[in-house]
Amino acid sequence: MITGTDLSFRYDERAILAGVELTAQPGRVLGLIGPNGAGKTTLLRLLYGALRSPTGEVRVDGDPLASINARETARRLAVVVQESGTDTTLTAAELVLLGRIPHLSTFQRAGARDHEIATTALERVGVSHLGRRPFAALSGGERQRVLIARALAQEATHLLLDEPTNHLDIRYQHELLELVSNLGTTSVVVLHDLNLAARYCDDLVLLGTEHLVAAGPTSEVLRPELLEPVYGIGVQRLDLDGGIHLIFHPHGSKNAPANTPPHASALASAHLTEDLVTSTSSAPTVQDRINDYWTMRAPEYDAYQRRPERREVDLAAWSEIWSEALPSAPADVLDLGTGSGYVAFVLAQLGHRTTGIDLAEGMLAAARAHAAELPAEVRPTFAHGDAVKPPYPPASFDAVVGRYVAWTLREAKDAAVNWHDLLRPGGTLALVDSTWFPEGIAPDGMIADQYDASVQASLPLHDADSIERTADVVRAAGFVDVEVTPLTTILELDRSHGVAPGHEVQTQYLITGRRA
């Protein structure tokens, strides 16, 4: 069960929702309906925690949503949103398998049962034949069904969907909603089509401008006297064969029923931005391919970063490195390309207020799962963000750090300028990197499929044969007191304990600089 009490939200000065009360009953489908701009998507985002209501609260099975950690939330709530990217190079089956992440432990990879569940999910939505095809190559309707399959693979107890029938042919609209209605899962669905809502929703919430108009069983909400003022159109309701059928007549139309009263179209100027969705597809960008590589590698990479035989010595070594490089704690620190969060967790334990950003969703999922297990006082914040153009205003941080991110940056010079602007006067930049591929990435290497020649051509530092190339980028961005320090402690640890498969033991460097 999901309950919302006194929910409200504003975008800047514009009120979207106020005083909304709702309940999604166990095993029933609750539909959110209303015209564009009424707040349907905003309300759904409040229900799964992407937005926070300044008033009231959301509860899931009686527990305040704000008190449930990230891993448990993902086990309870599966969400299908409109803005899911279409430029990924993952196959449909690989994308669906990501739904199993909440059920995997820190060092666990997807096993046979996880693959079986993902395969069954594809079959349930009728797209098993698409499993090996690239997700980006699918039609809009096919992509939508794959995203539903990922949500099913998650095996959550609640399912929340934002316009799931967008881009689907009529047949698949009905098949998909029939599937949702037969799951026996508590479901909340944003719908535009009122006749689909009438057929497949047990209960409805009708939203008007800034307020809740009605909530209750579908038959009680879909009444012309409630719908007409909200939508600004004549509505005729027919109860046939045990179902509700709605017929719409524009006011003034010669086909409108004689008893349909005129209504002013009070919502004609409603804001439309909330429910817009882009359906165009394009070839994957360089960054998309990089993101997909690190998402697929996330479980293996995370396990290696946290391998037990080296955990304590690594923690001691990196704690000392960052302590010497950064301002005294507590400081506001941004970790670029945070990956599964290793550096961010070290910095948080040192007492810094740390934010980690990354574009690889698999990495962020691992980082957030670890964060959910920590007490709030040593828990970093993780956000989706581009290391080249971090989504923060100037002078937001006392320090900006990055480990193993410089070599894989596109637009490295612009990135360094942006980092400079993010720092407060006197703030510190600290980067750790090396000359990983001075002759370019070998075509038979483990990352060559994604980091092929076209991707490498977009990464100016990937083939640096001297760490000074990276340091020069930092200097050119306006940093002062730039220094390069070889990390001999890490080199000795690598010699003693070995390095990741596909890598060689080599010197890593700390590059530091300061904003004047």
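Predicted model, so just to flag it, every value in this text is computed and none were measured. The first residue in the sequence is number 1, and the count goes up from there.
- Residues V58 and L7 approach most closely at CG2-CD2, 3.9 Å, considering heavy atoms.
- Checked by atom type and distance alone, the side chain of R100 pairs as donor or acceptor with a backbone atom of A153 at under 3.5 Å.
- Of the inter-residue distances, the one linking I2 atom CD1 with L30 atom CG reads 8.5 Å to the nearest 0.5 angstrom.
- Heavy-atom contacts from other residues, nucleotides or ligands closer than 6.0 Å to CG of L238 number more than 12.
- No donor-acceptor distance shorter than 3.5 angstrom exists from the side chain of D421 to the backbone of P394, with no hydrogens or angles considered.
- Contact check on R289 versus D452 returns a salt bridge, with a Lys/Arg side-chain nitrogen under 4.0 Å from an Asp/Glu carboxylate oxygen.
- Note: L22 CG to L212 CG = 8.0 Å, rounded to the nearest 0.5 Å.
- Between the CD1 atom of I117 and the CG atom of L122 there is a distance of 12.5 Å, given to the nearest 0.5 Å.
- Residues satisfying the side-chain hydrogen bond (donor to acceptor under 3.5 Å, both in side chains) test with E123, not counting sequence neighbours, are none.
- Side-chain rings of F382 and F345 approach one another, their centers coming within less than 6.0 Å.
- No side-chain donor-acceptor contact under 3.5 Å links D414 to the backbone of E411.
- With hydrogens and angles disregarded, a donor-acceptor distance shorter than 3.5 Å links the side chain of N195 to the backbone of L246.
- Figure legend: cation-pi geometry between R145 and Y172, with NZ or CZ positioned under 6.0 Å from the six-membered ring centre and within 45° of its axis.
- Expressed to the nearest 0.5 Å, how far CG of L160 lies from CG of L47 amounts to 6.5 Å.
- Note that CG of L97 and OG1 of T91 are 9.0 Å apart. Values are rounded to the nearest 0.5 Å.
- The six-membered or imidazole ring of H174 lies near that of Y200, with a centre-to-centre distance under 6.0 Å.
- Although no hydrogens or angles enter the test, the distance criterion places no donor-acceptor pair under 3.5 Å between the side chain of E175 and the main chain of G126.
- Partner of R28 under the side chain to side chain donor-acceptor pair (under 3.5 Å) criterion, out of T185, T23, D203: D203 alone.
- Residues in residues 47-61 take part in these salt bridge (Lys or Arg N to Asp or Glu O under 4.0 Å) pairs, two or more places apart or across chains: E57-R59.
- In the model, Y392 has no side-chain atom that pairs as donor or acceptor with a side-chain atom of T355 under 3.5 Å.
- Looking at residues two or more places apart in sequence or on another chain, you find a side-chain hydrogen bond (donor to acceptor under 3.5 Å, both in side chains) between Q287 and N291, R410.
- Electrostatic pairing of D63 and R76 counts as a salt bridge here, judged by a charged N lying under 4.0 Å from a carboxylate O.
- Side chain of R10 to backbone of I16: no donor-acceptor contact under 3.5 angstrom is found.
- Between R379 and E373 there is no salt bridge, since no side-chain nitrogen of the basic residue lies less than 4.0 Å from a carboxylate oxygen of the acidic one.
- A donor-acceptor contact under 3.5 angstrom links the side chains of H192 and N36, judged on distance only.
- At distances below 3.5 Å, at least one donor-acceptor pair connects side-chain atoms of W419 with backbone N or O atoms of A387.
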request  = Take Y48 and T73, measure what side chain to side chain donor-acceptor pair (under 3.5 Å) needs, and give me the verdict at the end.
outcome  = CA-CA 8 Å; Y48 64 82; T73 297; over 6 Å; no

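- There is no side-chain donor-acceptor pair under 3.5 Å between T338 and D358.
- Distance alone, capped at 3.5 Å, is enough to place a donor-acceptor pair between the H103 side chain and the Q154 backbone.
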request  = For side-chain contact (heavy atoms from CB on, under 4.5 Å), just list the numbers for D162 and V80, CA-CA rounded to whole Å, side-chain angles, deciding distance to a tenth of an Å, and then say yes or no.
outcome  = CA-CA 6 Å; D162 190 4; V80 178; over 6 Å; no

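- Side-chain atoms of T285 and D288 include a donor-acceptor pair closer than 3.5 Å.
- Applying the 6.0 Å contact sphere to CZ of R353 captures more than 12 heavy atoms from other residues, nucleotides or ligands.
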